[in-house]
Amino acid sequence: MDNTLSHLLMDWFTRHQRDLPWRRTYSPYHVWISEIMLQQTQMERGVEYFNRWMRKLPDVEALAEAREDDVLKLWEGLGYYSRARNLHRAACILCSVHGGCFPSTPEELQKLPGIGPYTARAIASIAFERDVCVVDANVERVCSRLYNIDTPVKNRDTRKRIEEICEALLPPGQARIFNQAVMEFGSLLCSPRTPGCPVCPVREFCAALREGVVDQRPVLRPPAKPIFLDMATGVLRREGRFFVQKRLSDDVWGNLWEFPGGVVEQGESPEQAVIREYLEETGLTVSRPAPIGRFKHSYTRYRITLHAFFVEAETVAPVALTAAQEYRWSTWEEVCSLAFPAGHRKLVEHLSLLRKFEMETNS
DNA sequence: TAAACGTGGGC
DNA sequence: TGCCCAAGTTT
């Protein structure tokens, strides 16, 4: 029995690791997709999206050949949509430049869009068993407790110190297991709120536990203050089709679809806002806003109340887009097949219920 | 370097 | 108007 810190963590991992789809193959494609999906995402949700993704896009060639709209649809609801756009871009580069094969060094991997220092090292170690360590939020938390680090973990100097600690702990030839062990340990046992110190296999090594300050590690920066906004959006229906527009690619929710709308300004009603926004964004003059409902959703530091209306148009042409790259008059079936931001998706789900109710009362 | 980027779930 | 959290990257 090897009772070093590293081996105790790896022993714990072999006994307690979760059975995850990408751990069955450790293929570079599986590891890559899982790593990107799990960024800022909870494991449970990640697994569902991963399995659905692999049924549709089983390899890098399939991803490269897919339409970006379909890739975004597979990503719908996960957030941080540049991750999906970058996956698609990177797959195209891998196929056209690397013959569909992944580079195996962190340096080469990091040249691909969407792959930063963490993901490059994760793929290199977990898929290719390269001797490099990874530092994510779990690793930061575990290290800051084991070594009782009292400076903010996001500081550059602290960050460097944690990397050096991990490098020293990494057992040569075992990076695949060791890196996952620290992260899984951080996720399942050395968790943020209620760490399992009483049953911890490395409690003898933990300086924060010894000092009684586990709940004060890691030291985090204060969070940004939330911003509360009212937004208004309008569903314009004409001859059974719906007006939808595709957002600009460099904006939030880039390349996703939506109904036109925007922020309700000071002294303005949501009804006035939806009419103004339609004119500004599409050149269309709409009228008679009829309330559909209010939908709450949050993103980054924003807390949004979305006021949704049916609207009517005096004329349909010409359309002049200022906040979108493309528009369509979509059938309901097409609306369902497009990727919407979560707030607008809630609205679409509500419309879906309305349709069902209408069909039942008409029959 | 700090801010922006999304979302749903646990407590 | 709840707050904090989740396997980061980009600009």
Side-chain angles (χ1 to χ4, degrees), chain A residues 13 17-18 20 22-23 30-50 72 75-87 89-90 109-123 125-127 133-142 152-157 159 166 176 179-188 190-195 215 218 220-230 247 249-256 258 294-306 339-346:
Chain A
F13 180 70
Q17 65 171 308
R18 288 169 285 197
L20 301 169
W22 49 91
R23 286 186 179 152
H30 286 180
V31 171
W32 175 44
I33 301 299
S34 70
E35 287 298 338
I36 302 294
M37 271 188 182
L38 264 42
Q39 289 170 15
Q40 315 291 296
T41 301
Q42 308 211 284
M43 180 67 77
E44 297 279 319
R45 302 191 69 221
V47 171
E48 293 171 30
Y49 277 86
F50 180 90
L72 286 170
W75 204 268
E76 185 185 45
L78 266 185
Y80 291 120
Y81 296 94
S82 65
R83 294 184 294 171
R85 297 195 303 272
N86 283 334
L87 279 175
R89 283 176 55 205
L109 285 161
Q110 204 174 327
K111 291 178 184 167
L112 293 164
I115 297 187
Y118 165 77
T119 308
R121 288 162 161 266
I123 297 172
S125 60
I126 297 172
C133 55
V134 297
V135 179
D136 74 333
N138 287 308
V139 177
E140 286 173 355
R141 184 171 57 257
V142 170
V153 285
K154 298 299 178 190
N155 279 7
R156 204 174 16 164
D157 293 345
R159 183 71 191 204
C166 290
R176 167 183 288 173
N179 283 343
Q180 293 189 93
V182 183
M183 292 191 282
E184 192 86 330
F185 175 75
S187 175
L188 295 181
C190 195
S191 48
R193 286 188 222 263
T194 51
D215 59 342
L220 300 170
R221 260 202 288 266
K225 285 226 171 91
I227 297 170
F228 294 89
L229 289 179
D230 284 289
R247 296 181 57 88
S249 51
D250 57 356
D251 202 358
V252 61
W253 300 302
N255 292 0
L256 272 69
E258 67 173 8
R294 293 190 301 186
F295 304 89
K296 299 261 185 186
H297 70 118
S298 304
Y299 71 97
T300 62
R301 52 190 298 204
Y302 294 94
R303 308 289 175 268
I304 308 292
T305 301
L306 180 65
F340 283 78
H344 284 243
R345 176 51 58 188
K346 288 176 190 168

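Here the structure is a predicted model, which means the values were calculated and not measured. Chain naming here is simple, since letters A, B, ... match the order of the sequence lines and numbering starts at 1 in each.
For A:L188, the side-chain contact (heavy atoms from CB on, under 4.5 Å) test picks out A:W12, A:R18, A:E184, with sequence neighbours left out. Remark: A:D136 pairs with A:Y118, A:N138, A:V139, A:M183 by the side-chain contact (heavy atoms from CB on, under 4.5 Å) rule, at least two apart or across chains. Contacts of A:H30 classified as ring pair (Phe, Tyr, Trp, His ring centres under 6.0 Å), with partners at least two apart in sequence or in another chain: A:F50.
Within the nucleic acid shown, A:R193 comes within 4.0 Å of at least one base atom, counting heavy atoms only. Counting any heavy atom pair closer than 4.0 Å across all strands shown, A:R141 reaches sugar-phosphate atoms only and no base atom. Nucleic acid contact class of A:S34 (heavy atoms, under 4.0 Å, all strands): none. At the heavy-atom level, A:A137 lies under 4.0 Å from the strands shown only through sugar-phosphate atoms. When heavy atoms are screened at a 4.0 angstrom cut-off, A:L256 is found touching no nucleic acid atom at all. Heavy atoms of A:A122 sit nowhere under 4.0 angstrom from any nucleic acid atom. A:R159 comes within 4.0 angstrom of nothing in the nucleic acid, heavy atoms only. Using a 4.0 Å heavy-atom cutoff across all strands shown, A:P341 reaches sugar-phosphate atoms only and no base atom.
When each of A:R303 and A:R156 is assigned the nucleotide of DNA chain B bearing its nearest heavy atom, the one mapping closer to the 5' terminus is A:R156.
Ring centroids of A:W75 and A:Y80 are separated by 6.0 Å or more, keeping the two rings apart.
Of all the residues in residues 38-46 of chain A, A:L38, A:Q39, A:Q40, A:T41, A:Q42, A:M43 reach under 4.0 Å from DNA chain C with at least one non-hydrogen atom.
The footprint of chain A on DNA chain B, defined by a heavy-atom cutoff below 4.0 Å, extends from B:dT1 to B:dG10. The span of DNA chain C lying next to chain A, judged by atoms under 4.0 Å from heavy atoms, is bounded 5' to 3' by C:dT1 to C:dT10.
Taking all atoms of both residues into account, the shortest heavy-atom contact from A:R221 to A:N155 is NH1-OD1, 4.2 Å.
Distance check on atom C1': B:dG6 versus C:dC4 gives 15 Å, rounded to whole Å. Remark: the separation of the C1' atoms in B:dT1 and C:dT11 is 11 Å, to the nearest Å. Taking atom P on both nucleotides, B:dG10 is separated from C:dA7 by 15 Å, rounded to a whole Å.
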